[in-house]
Amino acid sequence: MNEYIRVPEEFTIDLTLDGLDMNSKDVSILRPQRKEFDWDDFYRQGTPSWDTGLLEPDFEQLIESNIIPRRASVLEIGCGSGIEALYMAQKRFEITAVDCSAMAIDRAHSRARERNLWLRIVHEDIFKFTNQAKATYDFVYDIGFYHFIRRHFLTHYIDLLWRITKPGSYYYTLAGSDEEEFDAEYVRQNFLPTVSEDDILNELGTLFEVVEIKHGTIYSRAQKDPFPAWSCLFRRP
């Protein structure tokens, strides 16, 4: 297993949300003078800590439970190199997978060709993509995106989820759990945001009804054993 990749010190986060339909005054508020956070830089250095090549067991358990109807329209937010998206294609879901990293998307395309799988893989900022596509989905999920985006643009992510879901749609997220205490420097180096169960309920509960929130795990190349996580399934009323 390769060593995990540390976040480059010269980069700071700049989520400009170009896809949002906002006036110039609002955009100036959302675009502080920061350097661009280059997701491809993780891949240039090697294999990022989150790109384990392993299907997350909690996600697989959800799909195998048949709660999500087969052939449902599905969107993965932040698909990375495509592990979960390819699994969904194998299960005959109509899957669209989106990521802003060109290098991650190239890896996802390569894996799809090797396995002779058909799915839609899109290189785009998720806010821009969903604003332009104006589509809704039966099932939306992310593995580790919510627990990152909530720290900076939670209200905009909730708005995005509202626009791309409809009554009866399901949303799933696998998010790092705050129940195990980590040194702040360790979390920063391993790029492992965490969130509490109460925050999940207060934030995502504004839009969705809870189907299930349970203890789970999330894999990382930073260590052999997976980290504790929240496996969360919601349904839009």
Side-chain angles (χ1 to χ4, degrees), residues 1 48-99 104 108 111-112 115 117-121 137-150 157 161 164-165 168-180 190-201 203-205 207-237:
M1 180 175 292
S49 59
W50 61 81
D51 191 358
T52 63
L54 301 172
L55 179 65
E56 294 291 350
D58 294 288
F59 181 77
E60 181 180 16
Q61 184 180 50
L62 167 66
I63 301 306
E64 295 297 332
S65 72
N66 293 319
I67 293 175
I68 309 303
R70 288 294 193 264
R71 301 190 181 278
S73 59
V74 181
L75 175 68
E76 179 175 3
I77 299 174
C79 67
S81 58
I83 299 302
E84 277 73 32
L86 296 176
Y87 165 75
M88 294 295 281
Q90 289 176 324
K91 294 293 183 179
R92 300 293 188 268
F93 285 95
E94 181 186 327
I95 173 74
T96 298
V98 182
D99 200 283
R111 284 174 169 164
R115 302 178 191 184
L117 292 173
W118 185 93
L119 67 159
R120 187 183 184 196
I121 304 173
Y137 301 86
D138 301 315
F139 178 45
V140 177
Y141 71 92
D142 71 71
I143 308 296
F145 187 82
Y146 157 70
H147 71 191
F148 168 76
I149 196 69
R150 64 178 292 275
Y157 191 54
L161 292 175
I164 63 177
T165 58
S169 295
Y170 287 93
Y171 168 67
Y172 175 83
T173 186
L174 188 63
S177 169
D178 71 338
E179 289 196 323
E180 182 174 333
N190 288 285
F191 207 69
L192 183 72
T194 59
V195 61
S196 71
E197 184 178 10
D198 286 343
D199 283 339
I200 292 171
L201 290 169
E203 294 169 1
L204 297 175
L207 178 59
F208 300 108
E209 294 177 341
V210 176
V211 177
E212 182 179 54
I213 298 179
K214 65 178 184 178
H215 291 93
T217 59
I218 189 167
Y219 282 107
S220 171
R221 302 178 74 88
Q223 64 180 35
K224 181 179 179 181
D225 296 325
F227 288 98
W230 297 111
S231 177
C232 311
L233 180 65
F234 299 87
R235 186 177 183 274
R236 182 167 164 180

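Residues Asp58 and Tyr172 meet the side-chain proximity criterion, which asks for heavy atoms closer than 4.5 Å. Using a 4.5 Å heavy-atom threshold, the side chains of Ile164 and Ile77 count as touching. Counting heavy atoms from C-beta on, the side chains of Glu212 and Ile67 never come closer than 4.5 Å. No side-chain heavy atom of Ile200 sits less than 4.5 Å from a side-chain heavy atom of Val210. Side-chain contact between Tyr146 and Trp230 is absent, with no heavy-atom pair separated by less than 4.5 Å.
In terms of modelled atom types and a separation under 3.5 Å, the side chain of Ser231 and the main chain of Leu174 share no donor-acceptor contact. Without hydrogens or angle criteria, His147 side chain to Gly176 main chain gives a donor-acceptor distance under 3.5 Å. Side chain of Asp178 to backbone of Thr194: no donor-acceptor contact under 3.5 angstrom is found. Judged by distance alone, with hydrogens and angles left aside, the side-chain atoms of Arg70 form no donor-acceptor pair with the main-chain N or O of Arg92 at under 3.5 Å. A donor-acceptor pair is defined here as one N or O able to donate and one able to accept, closer than 3.5 Å; no such pair exists between the side chain of Asp142 and the backbone of Thr173.
Classified by interplanar angle (parallel below 30°, tilted 30° to 60°, perpendicular above 60°), the ring pair Tyr87/Phe59 is perpendicular. The aromatic rings of Phe234 and Phe208 sit tilted, their planes meeting at an angle between 30° and 60°.
Across all non-hydrogen atoms, the minimal contact from Cys232 to Ile213 is SG-CG2, 4.0 Å. Listed here is the closest heavy atom pair of Ile218 and Pro228: CG2-O, 4.4 Å. Leu54 approaches Glu84 most closely through the heavy-atom pair O-OE2, 3.8 Å. Minimum interatomic distance between Ile68 and Ala72 (heavy atoms only, all atoms of both residues): CG2-CB, 4.3 Å.
Partners of Ser169 under the side chain to side chain contact (heavy atoms under 4.5 Å, CB included) rule, at least two apart in sequence or in another chain, are Thr165, Lys166. A search for side chain to side chain donor-acceptor pair (under 3.5 Å) contacts involving Glu197 returns nothing, not counting sequence neighbours. Applying the side chain to side chain donor-acceptor pair (under 3.5 Å) criterion to Asp198, with sequence neighbours excluded, gives no partner residue. With sequence neighbours left out, Ala85 forms a side chain to side chain contact (heavy atoms under 4.5 Å, CB included) with Glu76, Ile95, Ala97, Leu119, Tyr141. For Arg71, there are no side chain to side chain donor-acceptor pair (under 3.5 Å) partners, not counting sequence neighbours. Residues passing the side chain to side chain donor-acceptor pair (under 3.5 Å) test with Thr217: none are found, sequence neighbours excluded.
Between Glu179 atom CD and His215 atom NE2 the span is 3.5 Å, to the nearest 0.5 Å. Note that CZ of Arg120 is 10.0 Å distant from CD of Glu94, once rounded to the nearest 0.5 Å. In this structure, Tyr170 OH and Glu209 CD are separated by 10.0 Å, a value rounded to the nearest 0.5 Å.
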